[in-house]
Amino acid sequence: MYKWEEKDGHIIIYNLTNFDPFHTFHCGQCFRWNRLPNGHWLGVAYGLALDLEWDGKNMILYHTTPEQFLHIWHPYFDLGRDYGDLKAKLSQNDSVMAEAIRFGQGVRLLKQDFNEVAISFLISQNNGIPRIRKIIESLSAAFGRPIEHESGTCYAFPDPKRLSELTLEDLEVIRAGYRDKYIYRASRQLYSGEVNMDIVLGPDKESSRQEMLKLFGVGEKVADCILLFSGARTDIFPVDRWVKRVMAELYLGHEASYEELNDFAQKHFGGLAGFAQQYLFYYARENKIGM
DNA sequence: CCACAGGACGGCT
DNA sequence: AGCCGTCCTGTG
């Protein structure tokens, strides 16, 4: 599908299609990528900091080894998936989706760390993106492992053990508001293994969701975000205000409940519902659909 | 000063 | 099962 090589300590992926970091980092799935003054992107994931350059055709991952690329970044950027095929299937007999895909052609579904996604989306509730990013950054800076990088010190997202040791008092510095109690309890639940990952990753969607709902502070919407953005499932359709609006305006013609939208998505998009959600979110938010 | 933001909890009916 | 007041904090 594409060729890659290691060169001077960097990894270069040539002629990568169906990718654009701006699209991928702005479709609501991640919070820890920033644009650098030189146009590169700096992100933190899986305890690593990554300097990424995109020239519209090739992707350069600076200071990365082939091992790291194959074990972490290849799955992270979902490079093994045929997005051309997936787009064709979603676009068939659906002019709305075809347009959304044309607009966000570079969206990819990132495979992110389960615990990080769980805590991050728990924080996201009733909050805007800038504040979500701020809180996650504070949490990492205060309790995560420092990662030295030429553009400054980055901080890894704290691991489950570290999170489970934090007191409510410790958490005050991140200014999460009432969500600190959710972080406190959910972290302990995650570290203790209360969430059965065999069920989460199992074949039955409803069982996966029920398993996520065990976490204190996690409701229907956040449960779906965690399942989709950790790569546990792709047949999930999280509905936030943007998706709600774009569905009402371009598909249904009326405001619909979470359940109705999920039923529609399952029938209409099937196992690709998660990708459909990402294209629709990006399309709706960038074009301010419904505002 | 008030409304509301990429929701969820807990108590009520 | 469904409704609704309440929850921290920042921004407009």
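Remember, it's a predicted structure, so these values are computed and weren't measured experimentally. The chains referred to below are lettered A, B, ... by the order of the sequence lines, with proteins before strands, and numbering in each begins at 1.
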Strictly below 4.0 Å, heavy-atom distances to any atom of DNA chain C: list the hits from residues 166-178 of chain A, or just say none.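 A:Arg175, A:Gly177, A:Tyr178 - these, ordered by number, are the residues of the stretch whose heavy atoms sit under 4.0 Å from the strand.
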Six-ring centre of A:Tyr184, A:Arg188 cation under 6.0 angstrom, axis tolerance 45°: yes
Output yes when a side-chain donor or acceptor of A:Gln112 lies under 3.5 Å from a complementary backbone atom of A:Gln29, and no otherwise. yes
Report the residue (A:Asn126 or A:Lys134) whose heavy-atom-nearest nucleotide on DNA chain C is the more 5′ of the two. A:Asn126
Output yes when A:Lys244 and A:Asp240 qualify as a salt bridge under the 4.0 Å nitrogen-oxygen rule, no when they do not.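 Judged by the 4.0 Å cut-off on N to carboxylate O distance, A:Lys244 and A:Asp240 do not form a salt bridge.
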Inspect the contact between A:Glu137 and A:Arg32 and indicate whether a charged nitrogen and a carboxylate oxygen are less than 4.0 angstrom apart.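 Between A:Glu137 and A:Arg32 there is a salt bridge, with a charged N closer than 4.0 Å to a carboxylate O.
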Derivation and outcome, side-chain hydrogen bond (donor to acceptor under 3.5 Å, both in side chains), residues A:Asp94 and A:Tyr251: CA-CA 10 Å; A:Asp94 187 337; A:Tyr251 277 99; 2.8 Å; yes
Convert the base pairs of DNA chain C into dot-bracket notation, remembering that pairs crossing earlier ones are written with [ ] and that bases paired across to another strand are shown as |; include only Watson-Crick or G-U pairs under 3.5 Å. |||||||.||||
Using atom C1' in both nucleotides, what's the gap between B:dC9 and C:dG10 to the nearest angstrom? 22 Å
Between which nucleotides of DNA chain C, 5' to 3', does chain A make heavy-atom contacts below 4.0 Å?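 It runs C:dC7 to C:dG10.
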Expected rows: protein N/O vs nucleotides 9-11 of chain B N/O, under 3.5 Å:
unit_1 : atom_1 : unit_2   : atom_2 : d
B:dC9  : OP1    : A:Gly217 : N      : 2.9

Students often get this wrong, so: under 4.0 angstrom with heavy atoms, is A:Gly128 touching a base, only sugar-phosphate, or nothing?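 Sugar-phosphate only.
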Selection residues 125-163 of chain A - residue pairs positive for ring pair (Phe, Tyr, Trp, His ring centres under 6.0 Å), sequence neighbours left out: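 Listed by first then second residue: nothing to list.
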So for atom CD, which belongs to A:Gln266, do other residues, nucleotides or ligands contribute more than 12 heavy atoms lying within a distance under 6.0 Å?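 Counting other residues, nucleotides and ligands, CD of A:Gln266 stays at 12 neighbours or fewer.
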Does the separation of the ring centres of A:Phe281 and A:Phe237 fall below 6.0 angstrom?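 For A:Phe281 and A:Phe237, the ring centres are not under 6.0 Å apart.
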Interface residues of residues 222-252 of chain A with DNA chain B (non-hydrogen, below 4.0 angstrom):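 A:Val222, A:Arg241, in order of number.
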